[in-house]
Amino acid sequence: MLHNHCNQGDIKDDIAEILVSEEEIRQAVKTIGAQICRDFEGEDLVVIGILKGAVAFMADLIQEIHIPIEIDFMAVSSYGQGTTSTGEVRIYKDLDISVEGRSVLIVEDIIDTGITLSYLKRVMLSRGAKDVSIATLLTKPSRRERHVALDYIGFEVEDKFVVGYGIDYAEHYRNLPFVGVLKPEIYG
Ligand code: IMP
Ligand code: MG
């Protein structure tokens, strides 16, 4: 296999442990894509990626969906964790296309408290979506505050802060091709 490593400043050097490898991600994406093909055959499907974390998963997943779809993106921010615990979610970038009467599949990087996704699901239904499903690369069930039904799950992870394959720490590490945990000295 081609060894792709930068000599200096390679972000892979900041990783303590790989939790989900490139090959495991590839397999999961294929499996989920095949399930979605089967489940939405004949449906009018809109696939919505949640920016920015879902970009890697979304890009790979849609190529494994072989039925006609439209794609769109939303950018949201949850104030569920951290300073406030109101569970308030703010939409920074909304959809360009209508979901009324259509099947919606939301693609997310990781479900943590569930606050973001339970909110988005409600928003889509209030806009008249026929049905709303969720595909997430990762889930941390131990952290859940809101119940949210997940239709397609890549991997369950324990309560560790993860990065890679779209997921960031302070906006970095999204471009790692796998999911891992940073070395303790990286967290400032
Ligand atoms: P929640 O489910 O509403 O708590 O929000 C999930 C969002 O929190 C994800 O889309 C990520 O942006 C962020 N998040 C949760 N866990 C992690 C993590 O381990 N690393 C990086 N971001 C995370
Ligand atoms: Mg984030």
Side-chain angles (χ1 to χ4, degrees), residues 11-22 24-25 28-29 32 46-62 71-95 104-126 129 132-188:
I11 56 172
K12 287 177 185 166
D13 295 337
D14 293 349
I15 294 296
E17 187 196 348
I18 295 177
L19 293 186
V20 190
S21 71
E22 291 183 62
E24 288 171 316
I25 291 172
V29 168
I32 293 171
V46 182
V47 181
I48 298 172
I50 307 304
L51 298 172
K52 306 171 195 168
V55 281
F57 184 38
M58 175 86 170
D60 287 344
L61 182 60
I62 59 172
I71 68 165
D72 206 345
F73 295 91
M74 282 180 94
V76 298
S77 177
S78 165
Y79 295 124
Q81 312 112 292
T83 48
T84 57
S85 57
T86 56
E88 191 192 331
V89 178
R90 197 171 140 192
I91 297 175
Y92 286 95
K93 185 235 172 282
D94 210 333
L95 299 176
V104 168
L105 175 68
I106 301 176
V107 178
E108 178 62 304
D109 54 353
I110 180 165
I111 314 291
D112 190 43
T113 62
I115 288 169
T116 309
L117 260 290
S118 62
Y119 172 80
L120 285 179
K121 202 164 176 170
R122 256 185 293 124
V123 169
M124 292 306 139
L125 289 170
S126 76
V132 183
S133 306
I134 296 172
T136 187
L137 179 73
L138 305 176
T139 177
K140 282 183 193 171
S142 62
R143 297 257 311 157
R144 205 72 88 243
E145 291 175 27
R146 301 284 161 81
H147 171 75
V148 49
L150 303 178
D151 303 274
Y152 310 96
I153 300 172
F155 303 91
E156 255 183 36
V157 288
E158 46 188 310
D159 185 12
K160 285 180 175 173
F161 193 86
V162 300
V163 297
Y165 199 66
I167 302 167
D168 73 304
Y169 169 61
E171 292 299 330
H172 285 86
Y173 303 102
R174 295 191 195 275
N175 50 327
L176 282 169
F178 49 74
V179 173
V181 181
L182 291 171
K183 292 174 179 170
E185 62 263 32
I186 305 295
Y187 300 102

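Predicted model only: the values in this text are computed from it and were never measured. Order of listing sets the numbers, starting from 1, for every ligand and every atom in it.
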What atoms of ligand 1 come closer than 4.0 angstrom to any heavy atom of [X]?
X      : result
Glu108 : 10 (O)
Asp168 : 21 (C)
Val162 : 18 (C), 19 (O), 20 (N), 21 (C)
Ile167 : 20 (N), 21 (C), 22 (N)
Thr116 : 1 (P), 3 (O), 5 (O)
Lys160 : 19 (O)

Check your understanding: Just heavy atoms, cut-off under 4.0 Å: does Ile50 contact ligand 1 by side chain, backbone, both, or neither?
Key -> neither
Non-hydrogen atoms of [X] versus ligand 1: any pair closer than 4.0 Å?
X      : result
Gly53  : no
Lys140 : yes
Leu117 : no

Study note, to complete from the structure: For Glu156, the side-chain hydrogen bond (donor to acceptor under 3.5 Å, both in side chains) test, sequence neighbours excluded, returns none
Practice item. For the pair Asp72 (side chain) and Ile48 (backbone), establish whether a donor and an acceptor sit closer than 3.5 Å, ignoring hydrogens and angles. Key: no
Review point. What is the distance from atom CD1 of Ile111 to atom OG1 of Thr116, rounded to the nearest 0.5 Å?
Key: 7.5 Å
Exercise for review: Calculate, to the nearest 0.5 Å, the distance between atoms CD1 and CZ belonging to Ile110 and Phe155 respectively.
Suggested key: 12.5 Å
Practice item. For the pair Tyr165 and Phe57, name the ring-plane relationship: parallel under 30°, tilted 30 to 60°, perpendicular over 60°. Key: tilted
Exercise for review: Report the C-alpha separation of Lys160 and Glu158 in whole Å, then their side-chain angles, then the decisive distance to 0.1 Å, and conclude whether the salt bridge (Lys or Arg N to Asp or Glu O under 4.0 Å) test is met.
Suggested key: CA-CA 6 Å; Lys160 285 180 175 173; Glu158 46 188 310; 3.7 Å; yes
Review point. For Phe161 and ligand 1, does the shortest N/O to N/O distance drop below 3.5 Å?
Key: no
Exercise for review: Decide yes or no for Val55 and Arg174: does some side-chain heavy atom of the first lie under 4.5 Å from some side-chain heavy atom of the second?
Suggested key: no
Check your understanding: Hey, does Leu61 have a side-chain heavy atom less than 4.5 Å from the side chain of Tyr152?
Key -> no
